[in-house]
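Letters A, B, ... are given to chains in the order of the sequence lines, protein chains preceding strands, and every chain is numbered from 1.
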Amino acid sequence: MTTRGIDYASLSLKDALDLAVLIEEEAQERYEDFAAQMEQHRTPEAATFFRLMAQNEAKHGEELAARRSSLFGTEPKAVTREMIYDIEAPDFDAARAFMSPRQAMKAALASEVKAHAFFVAALPALKDAGVKALFEELRDEEVHHTNLVTAELAKLPPDSGLSDEDFVDEPAAQ
Amino acid sequence: MSATCEYQAKDYKSDLKPIWCPGCGDFSVVQGIYRALAAIGRPPHEIAFVSGIGCSSRIPGYTTAYGFNSVHGRSLPIAQGIKLANPDLLVLAAGGDGDGFSIGGGHIAHLIRRNMDITYIVMDNQIYGLTKGQLSPTSQKGRTTCTSRYGSLEEPVNPLLYVLAYGAGFVAQASPTDLAGMAATIEEAIRYPGFAFVNIQSPCVTYGEEAQQIKGLKAISENLTALGHNPADRLAAMDLAQHYGQKLHLGVFYRNPEPAPTYDGLVRERQALLSKDAPPAENILDLFIKK
Ligand SMILES: Cc1ncc(C[n+]2csc(CCOP(=O)(O)OP(=O)(O)O)c2C)c(N)n1
Ligand code: SF4
Ligand SMILES: [Mg+2]
């Protein structure tokens with residue numbers, strides 16, 4: 001999780017909303033990539049879960065984008081994708097071949113925790129009351145998402161006891 | 001060169017689905033390349049992307065550029081041939097640490113001394129990934145693999161020092177710990193007029209060691225700009241490059257402030273000069289016939 005060039009003290013509500021949309025977009029894309037990787041490796045359960053996460057992120061992003069356009073219309077954006085990295089998106093190496101649904105959910109849970117930490121860390125630097133309120137709302141949503149995923153995890157039957165290593169061919173000297 | 005028109009990262013993404021292991025660092029490298037190419041803005045058909053053999057060498061196929069997944073260790077001579085045949089193309093070469101520094105290691109020096117205008121991206125995972133986890137030239141000493149049951153006895157190659165010592169005009173390092181930084185570094189490498197080398201620490205999640213995964217890389221990464229490094233200072237770059245393996249310095253180590261002429265440019269000049277007195281093409285065989 002990294003950011004660059006964000007001046008939290010002068011962040012306007014428009015910029016904050018745009019930033020939030022970018023964060024959701026990035027997460028959506030990563031989940032879509034993960035789903036495609038799982039499909040490629042014949043791991044349909046994890047693929048379905050990652051697609052669901054991508055849809056959730058897309059829905060959330062659309063809601064934020066609608067708020068932005070109702071408040072600020074087509075005013076140009078001042079923030080770019082380069083300013084954020086892996087805020088709510090799982091890390092590139094969080095996917096694994098033959099992930100169980102439990103492992104996939106754990107990867108998503110880690111991303112929600114990461115996003116929560118981002119909003120918590122940014123809050124003290126914010127000056128604008130509207131931006132503060134937005135970040136608090138987003139922080140609380142991450143708590144809500146974390147609880148949802150944790151509840152879903154609890155419903156899952158335990159993993160088979162096989163590790164992903166069991167599916168990997170033994171290395172051979174060439 | 002064609003007129004500039006707006007390209008987006010997705011315009012460089014092909015329909016082919018990568019078959020890399022889920023989580024492989026190379027997924028981030030291809031994203032970095034899409035972004036860099038979009039920033040450069042050349043149409044995909046004006047880009048030739050050559051690789052050798054290895055997991056990483058599959059990368060050209062995942063782009064919309066003309067791709068050539070060639071022969072193990074031979075991406076550079078092939079890329080060089082393409083650049084000489086058509087200097088207007090933007091030529092990229094890529095591959096793994098094994099491809100670049102074992103079997104293909106001998107080629108690097110020659111592209112550097114000629115200053116071929118080619119960008120060479122090495123996805124350094126300190127292992128032979130494709131062939132399932134044998135020692136590579138950048139594997140750390142002591143590393144156990146299926147070809148080093150009791151631990152490697154060799155010191156690793158230092159790719160950064162290797163190319164700096166041969167006189168490369170542009171040398172940089174990137175990693176998936178900072179995608180925007182990686183894209184910017186690749187873009188800068190492509191814009192450099194001459195041979196540009198980017199070493200990308202790209203973790204192999206299947207055969208790589210724990211310390212070389214993203215978390216481990218984050219723990220040792222330091223940004224060269226933040227360190228106040230002057231990329232025009234070659235000796236300072238060599239000093240920093242000594243830490244390869246212990247620290248992960250990200251950004252540009254060296255950018256020659258006065259790039260030498262490129263070989264492809266010199267060849268073009270010579271062709272123009274000699275073709276003034278050359279006989280017309282239809283009489284060219286006369287040159288070989290004794291009068
Ligand atoms: C001439 C030749 N020798 C050996 C091989 C076997 N081989 C294929 S890929 C490879 C090494 C791959 O390692 P690297 O270049 O680091 O790429 P990675 O798979 O790690 O991305 C080897 C030894 C080959 N294909 N051709
Ligand atoms: S074996 Fe390693 S380098 Fe090859 S695709 Fe898998 S993770 Fe990537
Ligand atoms: Mg390798």
Side-chain angles (χ1 to χ4, degrees), chain A residues 1-6 22 25-26 29-47 49-50 79-87 89-100 103-104 106-107 110-111 114 163-174, chain B residues 8-10 13 16-32 35 38-39 72 98 127-135 144-149 175-184 202-208 212-218 221 223 225-226 250:
Chain A
M1 175 170 76
T2 40
T3 58
R4 67 175 68 194
I6 303 176
L22 290 174
E25 258 176 33
E26 188 193 36
E29 281 173 22
R30 190 70 46 80
Y31 281 123
E32 276 167 1
D33 280 351
F34 277 14
Q37 291 174 27
M38 293 300 130
E39 278 153 11
Q40 191 73 13
H41 288 264
R42 296 177 181 78
T43 316
E45 294 90 349
F49 173 72
F50 285 137
V79 292
T80 64
R81 186 72 176 265
E82 281 64 40
M83 291 178 168
I84 53 134
Y85 182 50
D86 278 3
I87 307 295
D91 285 359
F92 266 100
D93 67 351
R96 283 292 182 283
F98 315 117
M99 276 177 122
S100 66
Q103 286 170 320
K106 279 188 176 164
S111 323
K114 207 165 57 156
S163 100
D164 42 1
E165 292 294 314
D166 295 320
F167 295 91
V168 177
D169 294 343
E170 265 299 293
Q174 283 253 325
Chain B
Q8 293 179 356
K10 65 175 172 47
K13 182 176 178 180
L16 212 59
K17 294 263 180 276
I19 59 158
W20 290 315
C21 307
C24 177
D26 297 349
F27 279 106
S28 72
V29 182
V30 76
Q31 293 290 343
R35 288 195 191 184
H72 195 31
I127 199 83
Y128 286 180
L130 186 76
T131 47
K132 299 186 183 172
Q134 300 82 16
L135 274 187
T144 52
T145 68
C146 56
T147 47
S148 56
R149 283 287 180 217
S175 96
T177 56
D178 175 11
L179 184 62
M182 184 200 293
S202 176
C204 170
V205 293
T206 304
Y207 302 108
Q212 288 153 354
Q213 305 305 317
I214 290 187
K215 272 194 192 70
L217 294 181
K218 271 184 190 157
S221 64
N223 188 289
T225 313
L250 299 175

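Between His41(A) and Ile19(B), the closest heavy-atom pair is NE2-O, 3.7 Å. Pairing each heavy atom of Arg96(A) with each of Gly23(B), the nearest pair is NH1-CA, 4.5 Å.
Contacts between Glu82(A) and chain B at a heavy-atom distance below 4.5 Å involve backbone atoms as well as side-chain atoms. Only the side chain of Tyr85(A) comes within contact range of chain B, with heavy atoms under 4.5 Å apart. With a 4.5 angstrom heavy-atom cutoff, Met83(A) does not touch chain B via any of its atoms.
To the nearest 0.5 Å, atom CG of residue Asp86(A) and atom OG1 of residue Thr177(B) are 9.5 Å apart. The CD atom of Gln37(A) sits 3.5 Å away from atom CZ of Phe27(B), with the distance rounded to the nearest 0.5 Å. Rounding to the nearest 0.5 Å gives a distance of 10.5 Å between CG of Asn223(B) and OG1 of Thr2(A). To the nearest 0.5 Å, atoms CD (Gln40(A)) and SG (Cys21(B)) are separated by 11.5 Å.
Other residues, nucleotides and ligands contribute more than 12 heavy atoms inside 6.0 Å of the NZ atom of Lys114(A).
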Evaluation steps, side-chain contact (heavy atoms from CB on, under 4.5 Å), between Arg81(A) and Arg35(B): CA-CA 11 Å; Arg81(A) 186 72 176 265; Arg35(B) 288 195 191 184; 4.1 Å; yes

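For Glu25(A), the side-chain hydrogen bond (donor to acceptor under 3.5 Å, both in side chains) test picks out no residue, with sequence neighbours left out.
Comment: Asp91(A) engages Lys218(B) in a salt bridge, judged by a side-chain N to carboxylate O separation of less than 4.0 angstrom. The pair Lys215(B)-Asp93(A) does not count as a salt bridge, with every side-chain nitrogen at least 4.0 angstrom from each carboxylate oxygen.
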